[in-house]
Participant: 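Below: one structure in structure tokens.
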Amino acid sequence: MSFPVDVVVMAAGKGTRMKSSKPKVLHRLGGRALAQHVIDTAARVSARSVVVITGHGAEQVEAGLVAPVVDAGAALKLQFVRQEPQLGTGHAVQQAVPVLADDGVTLVLSGDVPLTRPETLQALLHLCGGQHLALLTLDMPDPTGYGRIVRAADGSVAAIVEHKDASEAQRAITEIYSGIMAVPTRLLRGWLARLDNRNAQGEYYLTDVVKFAVSDGLKVAAHRIADSLQVAGVNSPVQLAELERAYQRRVADRLMEQGVRLADPARLDVRGTLVCGQDVEIDVNCVFEGRVEIGAGARIGANCVIASAVIGEGVVIHPFTHIDGEKAGVSVGAGALVGPFARLRPGAKLGREVHIGNFVEVKNSTLADGAKANHLAYLGDATVGERVNYGAGSITANYDGANKHRTVIEADVHVGSNCVLVAPVTIGAGGTVGGGSTITKDTPAGALSVARGRQTVIANWQRPAKKKG
């Protein structure tokens, strides 16, 4: 683009039909606020800056939006202006003009229209060319409520007429204005100064800049599209749900184009960023939140919820597993097996070929290669060595009511069923903890530890060899 682009996002409206105290533009689509989608799209058209116009719930909106990081590694310039009171779309953009530079093009977007494609906006900006007013339009079978595009004999745009102000003949027009325009800022500044509110709603219409452009002898161009989803706004929970499914289908299609095999693309929810290697398989009703990376050849079973995690190559996540990394993250090493009905909490780090079975919970713990906790167990604040076998019903008692302590289980330890390891404690390499034991003190390498009542017996003992065959 040979000219700088400054994006203005309209986000001052209340959205009463949402029946919510939350500002409309903060309702979430695919895990992000509606207006955040719009800001992120602005970054993808190489915008120089984004100006968000707030009004209803201004403080919430301003706190709930962030500047995306652009290719150079720096954050896109994001600033806010307030429209108080709300006197129409033209009045809204008037609040933004003081912070816009005259050397660029202003691209006006709506904070509740999240699915406009970057390539569509690029085409609109190309049509503008830094010289003309360009509008994004759409043919609609039922244009009720939308501003109509009135064209001159040569096909150029002569005016936009709002529905309430339109004549019967004008209401028969099916080409509507989407609310998106690109206009040289130096021209926009002058046209906004000429606005008045002599209309059916008593508001200052941004669309009146079209008649000013025509009266000044400037051509008004229109980029007409057929995809109504790109200009669909959100005014009710029903519309939000419809756009959510449309968004998720876009994500599913993109994943499948990359080679991911989805059991049913209609039953996938990505509420963040999902990055997959080759030959990944994902079953139905899985939810991905935050940033999730899945290595080549991994399989995700049905009804799993995975957030903020890195899943290694060849991992199998069995159905109904819940992985939630939050800020600390979760990592699962190559070839590991997890689930069904397992839970990995923040700070869980599983090595290669680790097995975490049904109803096992792991929190802030590291399990080295080949370790296994196959059923009904808890590992919290633990360091578990290679090839450890952790028995059913066993737990690490890591919290004393005031502080959390760490349990260390060294390589090749066998922990029997129904044991309690009271941290801080270390179980020496190659040792065995007898079933039903409560261990409160460190045990040496290779020892058998058995606790009965208040007495702990530690003895030298050689584990029986496994039977062959």
Participant: Is the backbone of V66 close enough, under 3.5 Å, to the side chain of Q36 for a donor and an acceptor to pair up by distance?
Facilitator: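 Such a contact is found between Q36 side chain and V66 backbone.
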Participant: Under a 4.5 Å cut-off applied to non-hydrogen side-chain atoms, are V362 and Y378 in contact?
Facilitator: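 Counting from C-beta outward, V362 and Y378 never come under 4.5 Å.
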Participant: Taking the side chain from T89 and the backbone from L206, do they hold a donor-acceptor pair closer than 3.5 Å?
Facilitator: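 Pair found, side chain donor or acceptor close to backbone of L206.
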Participant: For T116 and Q230, test the side chains for any donor-to-acceptor distance below 3.5 angstrom and give the result as yes or no.
Facilitator: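 Result is no, nothing qualifies.
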Participant: For a side-chain hydrogen bond (donor to acceptor under 3.5 Å, both in side chains) check, start with the C-alpha distance between S308 and E326, then their side-chain angles and the critical distance, and finish with the verdict.
Facilitator: CA-CA 6 Å; S308 304; E326 297 181 0; over 6 Å; no
Participant: Using 0.5 Å steps for rounding, measure from the OG1 atom of T407 to the CD1 atom of I395.
Facilitator: 9.5 Å
Participant: Please tell me whether E162 and T207 have a donor and an acceptor in their side chains that are separated by less than 3.5 angstrom.
Facilitator: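 T207 and E162 do have a side-chain donor-acceptor pair below 3.5 Å.
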Participant: So, D400 and H405: side-chain donor and acceptor under 3.5 Å apart, yes or no?
Facilitator: yes
Participant: Within the supplied structure, the quantity of interest is the number of heavy atoms (other residues, nucleotides, ligands) at a distance under 6.0 Å from K372 NZ; does it exceed 12?
Facilitator: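 No, because the 6.0 Å sphere around NZ of K372 holds 12 heavy atoms or fewer from other groups.
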Participant: Answer yes or no: is there a side-chain heavy-atom contact under 4.5 Å between E62 and V52?
Facilitator: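 No, every pair of side-chain atoms sits at 4.5 Å or beyond.
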Participant: Take L121 and L107 through the test side-chain contact (heavy atoms from CB on, under 4.5 Å) and record every step on the way to the result.
Facilitator: CA-CA 9 Å; L121 298 180; L107 177 63; 4.2 Å; yes
Participant: Which of these passes side chain to side chain contact (heavy atoms under 4.5 Å, CB included) with L29: D112, L115, V234?
Facilitator: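 Going through D112, L115, V234 one by one, the side chain to side chain contact (heavy atoms under 4.5 Å, CB included) with L29 is satisfied by L115 alone.
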Participant: Does either side chain, that of N235 or that of K24, offer a donor lying less than 3.5 Å from an acceptor on the other one?
Facilitator: yes
Participant: Could you walk me through whether V7 and V51 satisfy the side-chain contact (heavy atoms from CB on, under 4.5 Å) test, starting with their C-alpha distance in whole Å, then the side-chain angles of each, then the deciding distance to 0.1 Å, before giving a yes or no?
Facilitator: CA-CA 6 Å; V7 173; V51 181; over 6 Å; no
Participant: When you compare the side chains of R406 and T383, does any donor N or O come within less than 3.5 Å of an acceptor on the partner?
Facilitator: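 R406 vs T383: donor-acceptor pair found between side chains.
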Participant: Between D6 and S49, is there a side-chain donor-acceptor contact under 3.5 Å, judged purely by atom types and distance?
Facilitator: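 The criterion, which ignores hydrogens and geometry beyond distance, is satisfied for D6 and S49.
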Participant: So, are R345 and E361 salt-bridged, with charged N and O less than 4.0 Å apart?
Facilitator: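 Salt bridge flag = yes for E361 with R345.
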Participant: Could you check whether any side-chain heavy atom of M10 comes within less than 4.5 Å of a side-chain heavy atom of L109, counting everything from C-beta outward?
Facilitator: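 They are not in side-chain contact.
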Participant: Should D40 and R32 count as an ion pair when the cut-off is N to O under 4.0 Å?
Facilitator: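 Yes.
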Participant: What do the steps show when you test V183 against V105 for side-chain contact (heavy atoms from CB on, under 4.5 Å), and what is the final call?
Facilitator: CA-CA 5 Å; V183 54; V105 164; 5.8 Å; no
Participant: Donor-acceptor pair, distance only, cut-off 3.5 Å: does the side chain of T54 make one with the backbone of A12?
Facilitator: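 No; zero donor-acceptor contacts below 3.5 Å.
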Participant: Looking at R171 and D165, is there a salt bridge between them, counting it only when a charged N and a carboxylate O are closer than 4.0 Å?
Facilitator: no
Participant: Does R224 use its side chain to pair, donor to acceptor, with the backbone of T137 at less than 3.5 Å?
Facilitator: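 The answer is no, because no donor-acceptor pair under 3.5 Å joins these two groups.
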Participant: T321 side chain to H318 main-chain N or O, any donor-acceptor pair under 3.5 Å?
Facilitator: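 Answer holds: yes.
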Participant: Is it true that D269 and R245 make a salt bridge, defined as a side-chain N closer than 4.0 Å to a carboxylate O?
Facilitator: yes
Participant: I would like to know whether D324 and K363 meet salt bridge (Lys or Arg N to Asp or Glu O under 4.0 Å); could you show each step before the answer?
Facilitator: CA-CA 10 Å; D324 188 1; K363 188 270 296 181; over 6 Å; no
Participant: Ion pair present between R151 and E175, side-chain N to carboxylate O less than 4.0 angstrom?
Facilitator: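 A salt bridge links R151 with E175.
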Participant: Should Q60 and L26 count as side-chain neighbours, where that means a heavy-atom distance under 4.5 Å?
Facilitator: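 Yes; the side chains approach each other to less than 4.5 Å.
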Participant: Counting heavy atoms not belonging to R82, are there more than 12 under 6.0 Å from its CZ?
Facilitator: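 Yes - once you tally the heavy atoms of other residues, nucleotides and ligands closer than 6.0 Å, there are more than 12.
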Participant: Hey, does N303 have a side-chain heavy atom less than 4.5 Å from the side chain of C286?
Facilitator: no
Participant: Are there more than 12 heavy atoms of other residues, nucleotides or ligands under 6.0 Å from atom CD of Q201?
Facilitator: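 Count over threshold, so yes.
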Participant: CZ/F212 to CG/L188 distance, rounded to the nearest 0.5 angstrom?
Facilitator: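 Between atom CZ of F212 and atom CG of L188 there are 11.5 Å.
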Participant: Could you give the distance from CD (Q258) to CZ (R254), rounded to the nearest 0.5 Å?
Facilitator: 7.0 Å
Participant: Using a 3.5 Å distance criterion without hydrogens, assess whether the side chain of T185 forms a donor-acceptor pair with backbone atoms of D102.
Facilitator: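 No; zero donor-acceptor contacts below 3.5 Å.
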Participant: Has the side chain of D142 got a donor or acceptor atom that lies under 3.5 Å from a matching backbone atom of T144?
Facilitator: yes
Participant: For the CD1 atom of I323 and the CD atom of E289, what is their distance to the nearest 0.5 Å?
Facilitator: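 Output value for this atom pair is 12.5 Å.
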Participant: Output the distance between atom NE2 (H375) and atom NE2 (H355), rounded to the nearest 0.5 Å.
Facilitator: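 The NE2 atom of H355 is 12.5 Å from NE2 of H375, to the nearest 0.5 Å.
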Participant: Indicate whether any N or O donor in one side chain lies under 3.5 Å from an N or O acceptor in the other, for Q86 and H91.
Facilitator: no
Participant: Tell me every residue that passes ring pair (Phe, Tyr, Trp, His ring centres under 6.0 Å) with Y247, counting only those two or more places apart in sequence or in another chain.
Facilitator: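 Expected list: H37.
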Participant: Test Y146 against T174 for side-chain contact (heavy atoms from CB on, under 4.5 Å), laying out the working first.
Facilitator: CA-CA 9 Å; Y146 292 91; T174 58; over 6 Å; no
Participant: Kindly check if the number of other-residue, nucleotide or ligand heavy atoms within 6.0 Å of CZ (R44) is above 12?
Facilitator: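 Not buried by this count: 12 neighbours or fewer within 6.0 Å.
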Participant: Quick one: does L187's side chain get under 4.5 Å of L218's, heavy atoms only?
Facilitator: yes
Participant: For S156 and D154, which I'm curious about, is there any donor-acceptor pair between the side chains at under 3.5 Å?
Facilitator: yes
Participant: Assess, by modelled atom type and distance only, whether the side chains of W191 and D208 contain a donor and an acceptor separated by less than 3.5 Å.
Facilitator: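 There is no such pair between these side chains.
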Participant: Kindly say whether K22 contributes a backbone atom to a donor-acceptor pair with the side chain of S20 at under 3.5 angstrom?
Facilitator: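 Between the backbone of K22 and the side chain of S20 there is a qualifying donor-acceptor contact (under 3.5 Å).
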Participant: What distance separates L367 CG from L350 CG, expressed to the nearest 0.5 Å?
Facilitator: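 Rounded to the nearest 0.5 Å, the CG-CG separation comes to 6.0 Å.
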Participant: Is atom CD of Q278 surrounded by more than 12 heavy atoms (other residues, nucleotides or ligands) closer than 6.0 Å?
Facilitator: no
Participant: Closer than 4.0 angstrom, basic N to acidic O: yes or no for R48 and D103?
Facilitator: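 Salt bridge flag = yes for D103 with R48.
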Participant: One thing to verify: whether R261 and E281 come together as a salt bridge, which I'm taking to mean a side-chain N less than 4.0 angstrom from a carboxylate O.
Facilitator: yes
Participant: Tell me if a side-chain donor or acceptor on R189 pairs with a main-chain N or O of L100 at a distance below 3.5 Å.
Facilitator: yes
Participant: Do the side chain of S331 and the main chain of K349 share a donor and acceptor less than 3.5 angstrom apart?
Facilitator: no
Participant: So, do I294 and L274 sit near enough that their side-chain heavy atoms are less than 4.5 Å apart?
Facilitator: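 Yes, close enough: below the 4.5 Å cut-off.
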